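This report refers to the structure that appears directly beneath it.
One-based numbering, in listed order, for ligands and for the atoms of each. Since we're looking at a predicted model, the values are computed, not measured.
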Amino acid sequence: MLNKGQSEEELFTFLAQKKQEDLDHDFILSSMCTVPHSVAVRAHCMFMETNLGDPGLFPGTFSLEQLLVHRFGSLFHCENAGGYATSGGTESNLQALRLAKTQKTGISTPNVVVPESAHFSFKKSCDILGIEMRGVSIGNDFRMDAENAAGLIDKNTIALVGVAGTTEYGMVDPIADLAKIAQQHDLFFHVDAAFGGMVIPFLDRPIPFDFSLPGVTTIAVDPHKMGMSTIPCGCLLTLDPHLLNSLNIDTPYLTVKQEYTLAGTRPGAPVAGALAVLDYLGIEGMKAVVAGCMKNTERLIAGMETLGFPRAATPDLNVATFVAAKDAVPAPWRVSWTRRNHLRTVCMPHVHAGRIEAFLLDMQKTRTR
Ligand code: 0PR
């Protein structure tokens, strides 16, 4: 630490310099996060000091968290769903598997059946929880093969996982088929809709993935991805409103006597931000945002194919992937690369139509150079 404090001006000059070192969102095509909506920023600033870890001190903020859970519950066809605001998809997935573990006792070597396309947070979760992760192969359509999944289930399986909006290819697994399989085996079925949960309900033709399907036990959805909230904000939803209580531990000196959350101190600010976006835009506003992102995705795919970069997959959501050489993308554009070495882009709300055209133009220049 510095011995003597800096002047505010000196300090903020330094911070501004550091901020400038960050990349400009205009060139970021690789991220599932985006620039927060202005109402999210405004709401976030109002709730800066709130701590959901001691909700009795912040009953207003706590009621916002409950409202957020209720909004997602009704969007996902279960008005009475339980849930809480997490720090993001990783925590939601970890807590879902932790919940699954509490539901099946007496298993000494538990396993979960997870698509190979699943986010790496499942690896972390299985590691922490001491669970074997069984990977289900992905079909030619980049979706999890439901029959293969069924084949991997045995008496030690505590949960089945499906992904509604895969990180790498933007695909939705056959959630309806998987839900049936889960029901047949009386299995906990977790749907990772961290990305897709704020896209699929707003598509012209929504793909079934939520509590409307009997068999779905829990859903992860992240406002800090397509929900345009401030970071960090995820949400874990449970069909059974009381399910989370099975994770309760005693918290003797707080305003609540028990808690089921992973973190103790939890920020209320991004929760207020997430709710602000949902209530400001409403279903109509979200439909417009998603329609724009999907249109841009289609335009990007068409433009890239004209330039000789074929699509790797035809995505269900706003993730576009291509066959391309590693040096095909000029600076300062940022794209990412999938495990199968496909160029990956995510058409998030900050990737406006004009940015897609600018990217295509730069790709063309590089190609003809
Ligand atoms: N589930 C899915 C389907 C995800 O895509 C992600 C993250 C997670 C869970 C984990 O969510 P948290 O990161 O909120 O815990 N997907 C992005 C990814 O790994 C996260 C991301 C966002 C990465 C922005 C980079 C970036 O710039 O690609």
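By the 4.0 Å heavy-atom criterion, K225 is counted among the residues contacting ligand 1. A heavy-atom separation below 4.0 Å is not found between S30 and ligand 1. Using a 4.0 Å heavy-atom cutoff, G234 is absent from the residues neighbouring ligand 1.
Taking the ring centroids of H37 and Y280, they lie under the 6.0 Å cut-off.
Side-chain contact annotation: H119 with D192, donor-acceptor N/O pair under 3.5 Å absent. Remark: the S336 side chain and the R344 side chain contain an N/O donor-acceptor pair separated by less than 3.5 Å.
When the shell of 6.0 Å around CD1 of I283 is examined, it contains 12 or fewer heavy atoms from other residues, nucleotides or ligands.
If you look at S31 next to ligand 1, the close heavy atoms, those under 4.0 Å, come from the backbone and the side chain alike. When non-hydrogen atoms are compared, ligand 1 lies under 4.0 Å from the backbone of T90 as well as from its side chain. Under 4.0 Å from ligand 1, the heavy atoms of N93 that appear belong solely to its side chain. Under 4.0 angstrom from ligand 1, the non-hydrogen atoms of H119 all belong to its side chain. If you look at D222 next to ligand 1, the close heavy atoms, those under 4.0 Å, all belong to the side chain.
For atom 3 (C) of ligand 1, the nearest protein heavy atom is under 4.0 Å away. There is no protein heavy atom closer than 4.0 angstrom to atom 23 (C) of ligand 1.
Rounding to the nearest 0.5 angstrom, the gap separating the CD atom in E168 from the CD1 atom in I138 is 9.5 Å. Rounding to the nearest 0.5 Å places NZ of K326 at 6.0 Å from CH2 of W337. From H77, atom NE2 reaches atom CZ of F209 across 8.5 Å, with rounding to the nearest 0.5 Å. Atom-to-atom distance recorded for Y260:OH and H242:NE2 is 11.0 Å, nearest 0.5 angstrom. The CZ atom of F76 lies 8.0 Å from the CZ atom of F211; values are rounded to the nearest 0.5 Å.
Ion pair K19/E21 not flagged as a salt bridge, since none of the NZ, NE, NH1 or NH2 atoms sits closer than 4.0 Å to an Asp/Glu carboxylate oxygen.
Close approach to H224 involves these atoms of ligand 1, each under 4.0 Å from a residue heavy atom: 14 (O). Which parts of ligand 1 touch M32 is read off a 4.0 Å heavy-atom cut-off, strictly below it: atoms 5 (O), 16 (N), 17 (C), 22 (C), 24 (C). Atoms of ligand 1 lying under 4.0 Å from at least one heavy atom of R344, given by number and element, are 28 (O). When each atom of ligand 1 is checked for a heavy atom of G165 under 4.0 Å away, the hits are 3 (C). Ligand 1 places these atoms under 4.0 Å from at least one heavy atom of A194: 1 (N), 2 (C), 9 (C).
Nearest protein heavy-atom neighbour of atom 1 (N) of ligand 1: D192 OD2, 2.6 Å. Scanning all protein heavy atoms for the shortest distance to atom 5 (O) of ligand 1 gives T167 OG1, 2.7 Å.
Here the rule is side chain to side chain contact (heavy atoms under 4.5 Å, CB included) with L97, and of I128, I158, V112 only V112 fits it.
The distance criterion of under 3.5 Å between nitrogen or oxygen atoms is not met by G88 with respect to ligand 1.
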